[in-house]
Protein chains: 2
Amino acid sequence: MLGRVNHVAIAVPDLASATQSYRTTLGATVTEPQALPEHGVTVVFVTLPNTKVELLEPLGDTSPIAAFLAKNPSGGMHHICYEVEDIIAARDALKGSGARVLGDGEPKIGAHGKPVLFLHPKDFQGTLIELEQV
Amino acid sequence: MLGRVNHVAIAVPDLASATQSYRTTLGATVTEPQALPEHGVTVVFVTLPNTKVELLEPLGDTSPIAAFLAKNPSGGMHHICYEVEDIIAARDALKGSGARVLGDGEPKIGAHGKPVLFLHPKDFQGTLIELEQV
């Protein structure tokens, strides 16, 4: 079921400072910030040769990463996103295995314009997993 | 400086259960467990098309992931490892930028037999970063 690691997402309290860490200190290729108000984040992509890291800063009052940053004020790794070929088939197989899909179980259009689902971290060793159909 | 994402490491309290999650529930290719007593972990590799995820279970009384699991009993994403071409040059550039290298600052031979260093998570948005010379 699992394909490529599409991205690793890191929640950060200060996107400008995080961008400087990755661009200047770590010498990585970093995009300009993109505000995604419908997803409650502003995002910067760190482009690596085989995948990408996404730096996420909360945007707005109902950001989905606000609770995580309240618990982890310095920031931290928030989720890992795997690509799947067929997100409905993946969801149905996962639910059949007893894994919990967050929300109402229907794929949403994610930050890359593709259908995504999130799996409950308690079913996967404390790791929030995003699945993205590509 | 940063090359490929070599792996994302997930600390888990029960490697057999975690292996089953990734192999059976998520349908990924998973290796047999390898005990690495000199690194204080038993590891299983989840092989993805573009990188890998490492599931780490503590081994022995002085495991470097014991404190993390005490704080995160269900497990969680522990570190991300980036490849670098020259770990001494990377270290010296990072130290010149004010970033803190863990331990005595000298590369150790990591779980893959290559020189590695870890960077202080407080300098990188709460994320523990491993650098591996490949």
Side-chain angles (χ1 to χ4, degrees), chain A residues 1-15 17-18 20-22 24-30 46-53 55-57 68-69 72-80 82-84 90 93-94 96-99 119 121-129 131, chain B residues 1-15 17-18 20-22 24-30 46-53 55-57 68-69 72-80 82-84 90 93-94 96-99 119 121-129 131:
Chain A
M1 176 188 301
L2 295 189
R4 298 173 73 257
V5 172
N6 183 276
H7 63 269
V8 175
I10 299 176
V12 306
D14 178 342
L15 194 56
S17 162
Q20 178 163 340
S21 289
Y22 280 82
T24 307
T25 311
L26 291 169
T29 302
V30 176
V46 181
T47 308
L48 290 317
N50 59 333
T51 187
K52 57 186 182 285
V53 166
L55 306 174
L56 306 177
E57 183 187 63
F68 180 89
L69 282 168
N72 304 276
S74 303
M77 287 191 279
H78 182 265
H79 68 264
I80 182 167
Y82 298 100
E83 298 176 357
V84 294
L94 286 160
S97 303
L119 307 182
K122 284 205 190 303
D123 293 336
F124 295 98
Q125 294 77 44
T127 299
L128 179 60
I129 293 177
L131 299 179
Chain B
M1 178 189 299
L2 294 189
R4 298 172 72 255
V5 173
N6 183 275
H7 63 269
V8 175
I10 299 176
V12 305
D14 179 342
L15 194 55
S17 162
Q20 178 163 343
S21 289
Y22 281 81
T24 307
T25 310
L26 291 168
T29 302
V30 176
V46 181
T47 308
L48 289 317
N50 60 332
T51 187
K52 57 185 181 287
V53 166
L55 306 174
L56 306 177
E57 182 187 63
F68 179 89
L69 282 168
N72 304 276
S74 304
M77 285 191 280
H78 182 265
H79 67 264
I80 182 168
Y82 298 101
E83 298 176 358
V84 295
L94 285 160
S97 303
L119 307 181
K122 285 205 190 302
D123 294 336
F124 295 97
Q125 293 77 44
T127 299
L128 178 60
I129 292 177
L131 299 179

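Below, chains carry the letters A, B, ... as their sequence lines are ordered, and counting in each starts from 1. Quick caveat: nothing in here was measured; it's all calculated off a predicted structure.
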> Non-hydrogen atoms of chain B under 4.5 Å away: do they reach the side chain of A/Val5, the backbone, both or neither?
Replying inline: both
> Relative to chain B, which segment of A/Asn72 carries a heavy atom at a distance below 4.5 Å: side chain, backbone, both, or neither?
Replying inline: neither
>> Donor-acceptor pair, distance only, cut-off 3.5 Å: does the side chain of B/Asn50 make one with the backbone of A/Arg4?
In response: no
Report which part of [X] has an atom under 4.5 Å of a heavy atom belonging to chain A: side chain, backbone, both, or neither.
X	answer
B/Val84	neither
B/Ile129	side chain
B/Thr29	neither
B/Leu119	side chain
B/Ile10	side chain

Just so I understand: if I count every heavy-atom pair under 4.5 Å between each of [options] and chain A, which residue has the most?
options	value
B/Met77, B/Met1, B/His79	B/Met77
B/Thr24, B/Ile80, B/Leu128, B/Asp123	B/Ile80
B/Pro13, B/Gly76, B/Gly98	B/Gly76

> Nearest heavy-atom pair of A/Leu48 and B/Gly3: which atoms, and what distance?
Replying inline: CD1-O, 3.4 Å
> Taking all non-hydrogen atoms of both residues, which atom of A/Ala99 and which atom of B/Thr25 are closest, and how far apart?
Replying inline: CB-CG2, 4.3 Å
> Looking at A/Ser97, A/Ala93, A/Pro49, which has the largest count of heavy-atom pairs under 4.5 Å with chain B?
Replying inline: A/Pro49
> Just by distance, with hydrogens left out, do B/Ser74 and A/Gln125 show a side-chain donor and acceptor under 3.5 Å apart?
Replying inline: no
>> Let's go through B/Tyr82 and A/Val46 carefully: what are the C-alpha distance in whole Å and the side-chain angles of both, what is the deciding distance for side-chain contact (heavy atoms from CB on, under 4.5 Å) to 0.1 Å, and is it a yes or a no?
In response: CA-CA 12 Å; B/Tyr82 298 101; A/Val46 181; 5.7 Å; no
> Is there a side-chain contact between A/Val53 and B/Thr127, using heavy atoms and a 4.5 Å cut-off?
Replying inline: no
